[in-house]
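Below is one structure; the comments refer to it alone.
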Amino acid sequence: MAAEDDQVLVLEVTGHAVGGEAIARDASGRVVFVEGALPGEQVRAAITEQRRDFARARLVEVRRAAPGRVEPPCPELARGCGGCDLQHLAAGSQAALKAAVVGDALRRTAEVHEPVVRVAPPLPAAGYRTSVRAAVRAGRAGYRRRRSHEPVPVESCLVAHPLVEELLVEGRFGEAEEVTIRVGAATGDRLVLASPTASGVSVPDGVLVVGRDELRRGRRAHIHEEVSGRRLRVSARSFFQSSQVGAEALVAAVRDAAGVGASPVVGGSPGEPIIDAYAGVGLFAATVGAGLDRPVVALEWSRSSVDDARHNLRGLPARVLRTDVARWEPQAASLVIADPSRAGLGRSAVAVLAATGAPRLVLVSCDAGALGRDIRLLLQAGYALGDVLVVDLFPHTHHVEVVCRLDR
Ligand SMILES: C[S@@+](CC[C@H](N)C(=O)[O-])C[C@H]1O[C@@H](n2cnc3c(N)ncnc32)[C@H](O)[C@@H]1O
């Protein structure tokens with residue numbers, strides 16, 4: 001590190017943080033987070049925020065570029081869009097960077113000595129997102145500027161599925177302040193959820209439009225998507241993976257981690273169920289669970305997702321319980337699949353899931369920090385960490401998705 005003047009530093013970048021910024025250190029050893037830099041680079045960066053333990057800096061110049069650095073492919077970035085923050089790294093190198101971030105979290109937080117983090121085969125890096133949320137200004141949809149609430153109207157979107165992009169760019173959203181656009185890539189269904197109201201929304205015929213105010217008054221609206229040969233109903237307010245190809249890849253990874261297809265991994269007596277915790281609309285219960293010769297208990301707290309899961313699991317030996325996982329009364333289980341939100345499982349849910357006595361637990365995590373904390377808790381609860389696989393569901397962004405196998 002060398003100081004050029006009060007504000008601009010020359011920094012050696014050594015790592016990448018969970019939140020998507022690069023990590024360097026100033027002369028005092030204090031961490032400096034630099035947006036847009038890459039490990040191995042030497043950069044000039046202007047300090048934007050000073051704290052006692054760390055600082056933040058804006059990239060001014062790359063003096064020595066990392067091998068994977070590229071010109072960001074999406075023109076919207078230059079116009080201020082804050083959406084995809086890893087476009088300066090070649091798509092083919094992004095998953096390895098994410099694997100390094102995951103390995104770091106496992107080492108530092110979970111105290112796993114030499115974590116082995118594998119990377120799943122790459123998914124399409126463009127046109128993949130089947131659901132997006134956008135802000136609306138003067139009737140037009142836009143993504144927010146980085147670290148701002150101000151939306152930038154979009155004229156194209158590198159990562160949006162073409163069925164989404166058309167609505168995002170050409171749709172007019174009347175009095176809405178925010179829209180969620182969700183499509184079924186396999187079915188062609190399209191839905192626009194406008195908040196607070198869908199009044200004045202103009203989109204092509206055949207697109208289902210609903211206002212959040214109407215949902216509150218009891219109207220129902222859903223699309224269908226197909227994953228692993230299963231047709232799934234997904235309602236406007238239910239969680240669903242942000243891409244169909246991503247959902248397929250995740251199901252394949254969870255299936256592998258559970259050991260389906262190989263010799264049966266599930267232990268316990270044949271009556272002991274598989275627990276699909278944080279089940280959403282029943283994605284894993286309907287696909288992975290249905291491939292195992294066991295009943296499934298799906299746990300989910302959102303009413304909308306529970307309704308969808310009950311619909312999607314009709315005819316299967318599955319029960320859907322509307323509950324907070326952390327407050328569920330544990331029962332003996334042969335396998336646990338747990339796919340929590342970004343906050344992770346936390347101490348209470350780990351205790352509950354470990355109390356099932358399941359010999360294998362498959363953890364699906366979308367936050368490397370939470371993953372480190374959860375793995376630490378699961379190790380303390382008597383599980384050993386097996387395979388760790390990064391499935392890059394969100395190319396061009398720093399977001400990670402990780403599937404871990406844990407065995408007692
Ligand atoms: C990351 S999503 C995973 C959903 C599903 N496994 C899938 O892949 O589509 C997490 C889900 O957990 C639910 N959820 C979050 N916290 C929960 C809790 N404490 N108890 C039960 N469900 C919860 C959310 O409503 C959401 O549907």
Side-chain angles (χ1 to χ4, degrees), residues 120 123 129-131 133 180 182 184-186 222-228 230-258 274-290 296-313 318-330 335-353 355-356 361-371 373-374 377 389 391 393-394 399-404:
L123 296 171
R129 278 201 79 122
T130 44
S131 111
R133 204 166 74 186
T180 301
R182 178 177 269 175
H222 58 254
I223 60 155
H224 288 92
E225 182 60 285
E226 281 170 22
V227 182
S228 192
R230 288 269 167 189
R231 186 176 165 85
L232 300 170
R233 186 181 88 183
V234 184
S235 291
R237 278 186 292 197
S238 300
F239 173 90
F240 197 67
Q241 299 294 339
S242 61
S243 80
Q244 192 269 350
V245 283
E248 290 279 6
L250 211 50
V251 164
V254 170
R255 195 174 265 148
D256 266 8
I274 295 160
I275 307 300
D276 179 8
Y278 311 89
V281 304
L283 175 67
F284 298 133
T287 54
V288 182
V296 178
V297 176
L299 311 176
E300 167 62 48
W301 72 4
S302 134
R303 184 182 294 282
S304 169
S305 295
V306 164
D307 287 347
D308 286 340
R310 288 190 175 136
H311 176 87
N312 294 332
L313 299 172
R319 279 192 308 144
V320 183
L321 304 181
R322 184 164 179 235
T323 178
D324 178 349
V325 171
R327 290 164 179 266
W328 174 61
E329 183 69 42
L335 170 73
V336 169
I337 300 168
D339 180 13
S341 310
R342 200 149 282 162
L345 298 173
R347 196 170 290 282
S348 310
V350 165
V352 165
L353 296 177
T356 63
L361 189 149
V362 177
L363 176 63
V364 183
S365 174
C366 57
D367 184 280
L371 173 76
R373 293 191 293 277
D374 286 344
L377 291 166
L389 183 73
V391 187
L393 294 196
F394 312 102
H399 293 290
V400 301
E401 193 79 17
V402 190
V403 177
C404 297

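These numbers come from the heavy atoms of this one structure, side chains and all, not from hydrogens, waters or symmetry mates. Whatever order the structure lists ligands and atoms in, that order sets their numbers, starting from 1.
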**OP:** Please work out whether the ring planes of Phe394 and His399 are parallel, tilted or perpendicular, with thresholds of 30° and 60°.
**Re:** perpendicular
**OP:** Write out the protein residues near ligand 1, meaning a non-hydrogen atom under 4.0 Å from one of its atoms, in order of chain and number.
**Re:** Phe239, Gln241, Tyr278, Ala279, Gly280, Leu283, Phe284, Glu300, Trp301, Ser302, Thr323, Asp324, Val325, Asp339, Pro340, Ser341
**OP:** Count the heavy atoms belonging to other residues, nucleotides or ligands that lie under 6.0 Å from CZ of Arg310, then report whether that count exceeds 12.
**Re:** yes
Original post:
Looking at Asp374 and Gly346, what are the two nearest heavy atoms and their distance?
Top reply: OD1-N, 3.0 Å
Original post:
Can you name the closest pair of heavy atoms from Val352 and Pro330 and give their distance?
Top reply: O-CB, 3.4 Å
Which pairs would a plain distance check flag for residues 238-245, meaning a side-chain donor or acceptor within less than 3.5 Å of a matching protein atom at least two apart in sequence or in another chain?
residue, atom, partner, partner atom, Å
Ser238, OG, Ser304, O, 3.3
Ser238, OG, Ser304, OG, 2.7
Ser238, OG, Ser305, N, 3.4
Ser238, OG, Asp308, OD2, 2.6
Ser243, OG, Gly246, N, 2.8
Gln244, NE2, Glu226, O, 2.8
Gln244, NE2, Glu248, OE2, 3.2

Subject >> Any side-chain heavy-atom pair of Val296 and Phe284 under 4.5 Å >> reply: no
